Structures are given as structure tokens and as C-alpha cells.
Amino acid sequence: MPADKSSFKTIAENRKARHDYFILESYEAGIELVGTEVKAIRQGGVNLKDSWCTVEDGELWVKGMHISPYDHGNIFNRDPMRVRRLLLHKKEINKLFGQVKQEGLTLIPISLYFKGSRVKVQVGLCKGKKLHDKRDAMAAEAAKRDIDRAIKEKNR
């Protein structure tokens, strides 16, 4: 994500990815959109759940991302589940491809946001969590909520 949070507006987040994976690194990528997809994104019709990225023929692709058809669109609306190309430098794509192949990691889109007038995708290089890791994360989250609640009660 960009350092200056005022410069972007989050459209969609893949919260399931944070639950199911350890995010080791993240990259900002552009996304190739056609037709009325940008207008549909502005309406908030995006779902990143169960989406993933692959490297094919030296290019990075996102699969399983759903962009709802634009309400006022017509013949320019595209298939909501079509495969979309992500825009990264060749050097970054080759690095990601090497890590995915050698280390058994996965590429997952974490969030979709506007940076200025451009749509960007935050892609995470992820390692799958085991069931006990998920339980530990949920327990830590619950403990943090309890601590925050107790501090709030004490400060009243």
C-alpha cells in the first residue's frame, strides 16, 4: 500500500486472504481494465474473495476476481469473471515466479484501490496457514479486543 493513506481510496479487500495466509511481501500492480469496468469498480461492485494470481508466459494474471457489470452499461460490459492482466515490471514478475516455483508460495490479491485516478491491486506473496495458526491468530485477536475494551473501561 502507498505510504500516504490520504492518496488512495480502498474499493475492496480480501479479508479471507489475511485469515488463510501469512503475507510475506506485497507488491503494487496496475490492472488492465476494459469497457465499463472502471465505472463498475467506482460503484463498488468488486469481490476479491477466492481470487488468485498466476504467472503465464511472463505476464501476471488475476483469476477469480468478480467485477459486476455496470448498471448503465450495454454492449461494453464484459464477463464479470474474466481473467485480467496485472501490470508489473518484468524483473518483479520474474522474481515472483521464481519464489512461487521454488518456495511453494502463492500470489493472492489483497486489496483493490484507487491511487489518484488509477486502479491498483495490492498483490501478496503468501504462505498458507495451518489450522493451528488460524486458531492462534483468532485467539490473539480476541485477546487484543479484550485488552482494548478493558483499557477503554478504565479510562472512563
Side-chain angles (χ1 to χ4, degrees), residues 1-71 73 77-89 92-145 148:
M1 280 283 180
D4 180 20
K5 292 192 177 208
S6 64
S7 68
F8 71 91
K9 178 185 171 210
T10 302
I11 303 160
E13 277 194 65
N14 189 350
R15 286 186 236 137
K16 185 178 178 190
R18 296 191 187 281
H19 177 73
D20 291 342
Y21 298 95
F22 292 112
I23 300 171
L24 306 175
E25 289 182 56
S26 66
Y27 296 86
E28 180 180 83
I31 184 168
E32 189 175 77
L33 300 170
V34 294
T36 56
E37 288 180 327
V38 174
K39 291 181 179 183
I41 287 172
R42 287 191 189 280
Q43 286 183 335
V46 180
N47 187 351
L48 296 175
K49 184 179 177 185
D50 298 329
S51 58
W52 72 98
C53 300
T54 61
V55 177
E56 297 171 6
D57 298 326
E59 294 184 334
L60 188 61
W61 299 88
V62 64
K63 298 179 178 185
M65 176 191 290
H66 183 274
I67 298 178
S68 299
Y70 179 56
D71 291 343
N77 281 337
R78 302 288 190 202
D79 175 25
M81 295 297 290
R82 77 178 186 85
V83 177
R84 293 168 181 88
R85 183 169 43 175
L86 296 179
L87 308 172
L88 278 175
H89 292 283
E92 291 174 313
I93 293 172
N94 291 336
K95 178 183 173 188
L96 288 172
F97 182 69
Q99 289 178 315
V100 167
K101 285 295 178 193
Q102 289 179 356
E103 299 171 22
L105 303 176
T106 306
L107 295 170
I108 304 290
I110 299 169
S111 65
L112 188 77
Y113 55 93
F114 279 107
K115 185 175 181 183
S117 62
R118 310 239 184 228
V119 179
K120 299 289 185 175
V121 178
Q122 183 184 19
V123 177
L125 185 62
C126 305
K127 179 181 179 183
K129 287 184 181 178
K130 305 263 188 241
L131 185 58
H132 62 84
D133 292 327
K134 293 178 189 178
R135 288 184 189 145
D136 291 346
M138 289 182 351
E141 229 175 83
K144 184 182 181 316
R145 268 196 312 268
D148 290 344

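Numbers here are sequence positions counted from 1. This is a predicted model, so every value here is computed, not measured.
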Open item on the list: Could you go through Val121 and Leu86, starting from their C-alpha distance and side-chain angles, then the distance that decides it, and tell me whether this counts as side-chain contact (heavy atoms from CB on, under 4.5 Å)?
Closed with: CA-CA 8 Å; Val121 178; Leu86 296 179; 3.9 Å; yes
Open item on the list: The criterion is salt bridge (Lys or Arg N to Asp or Glu O under 4.0 Å); which residues satisfy it with Lys101, sequence neighbours excluded?
Closed with: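 For Lys101, no residue satisfies salt bridge (Lys or Arg N to Asp or Glu O under 4.0 Å) once neighbours in sequence are set aside.
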Task: Residue list, salt bridge (Lys or Arg N to Asp or Glu O under 4.0 Å) with Asp136, at least two apart or on another chain - done: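 Once residues adjacent in sequence are excluded, Asp136 has no partner under the salt bridge (Lys or Arg N to Asp or Glu O under 4.0 Å) criterion.
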State, to 0.1 Å, how close [X] and [Y] come at their nearest heavy-atom pair, and which atoms those are.
{"X": "Pro109", "Y": "Val62", "value": "CG-CG2, 3.7 Å"}
{"X": "Ile67", "Y": "Ala40", "value": "CG2-CB, 3.9 Å"}
{"X": "Gln122", "Y": "Ser26", "value": "NE2-OG, 3.2 Å"}

Residue list, side-chain hydrogen bond (donor to acceptor under 3.5 Å, both in side chains) with [X], at least two apart or on another chain:
{"X": "Tyr27", "answer": "Glu25, Lys95"}
{"X": "Asn94", "answer": "none"}
{"X": "Glu92", "answer": "none"}

Is there a side-chain contact between [X] and [Y], using heavy atoms and a 4.5 Å cut-off?
{"X": "Val100", "Y": "Leu107", "answer": "yes"}
{"X": "Ile110", "Y": "Val123", "answer": "no"}
{"X": "Tyr113", "Y": "Glu28", "answer": "yes"}
{"X": "Lys127", "Y": "Thr106", "answer": "no"}

Looking at residues at least two apart in the chain, or sitting in another chain, which of them share a side-chain contact (heavy atoms from CB on, under 4.5 Å) with [X]?
{"X": "Arg42", "answer": "Val38, Phe114"}
{"X": "Glu103", "answer": "Gln99, Leu105"}
{"X": "Arg82", "answer": "Val34, Glu37, Arg78, Asp79, Arg84"}
{"X": "Lys39", "answer": "Tyr70"}

TODO: Would you please say whether a donor-acceptor pair under 3.5 Å links the side chains of Glu13 and Ser111?
DONE: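 No, no side-chain donor-acceptor pair sits under 3.5 Å.
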Distance from [X] atom [atom1] to [Y] atom [atom2], nearest 0.5 Å?
{"X": "Glu59", "Y": "Leu88", "atom1": "CD", "atom2": "CG", "result": "11.0 Å"}
{"X": "Tyr21", "Y": "Leu125", "atom1": "OH", "atom2": "CG", "result": "12.0 Å"}
{"X": "Arg118", "Y": "Leu33", "atom1": "CZ", "atom2": "CG", "result": "11.5 Å"}
{"X": "Arg85", "Y": "Leu60", "atom1": "CZ", "atom2": "CG", "result": "10.5 Å"}
{"X": "Ile108", "Y": "Asp20", "atom1": "CD1", "atom2": "CG", "result": "8.5 Å"}
{"X": "Ile93", "Y": "Trp61", "atom1": "CD1", "atom2": "CH2", "result": "10.0 Å"}

With a 3.5 Å cut-off and sequence neighbours excluded, list the donor-acceptor pairs that the side chains of residues 47-57 form with protein atoms.
residue: Asn47; atom: OD1; partner: Lys49; partner atom: N; Å: 2.9
residue: Asp50; atom: OD1; partner: Lys16; partner atom: NZ; Å: 3.0
residue: Ser51; atom: OG; partner: Leu48; partner atom: O; Å: 2.5
residue: Thr54; atom: OG1; partner: Glu56; partner atom: OE2; Å: 3.2
residue: Glu56; atom: OE2; partner: Lys63; partner atom: NZ; Å: 2.7

Open item on the list: Determine whether Lys120 and Leu112 satisfy the following criterion, side-chain contact (heavy atoms from CB on, under 4.5 Å), listing intermediate values before the conclusion.
Closed with: CA-CA 6 Å; Lys120 299 289 185 175; Leu112 188 77; over 6 Å; no
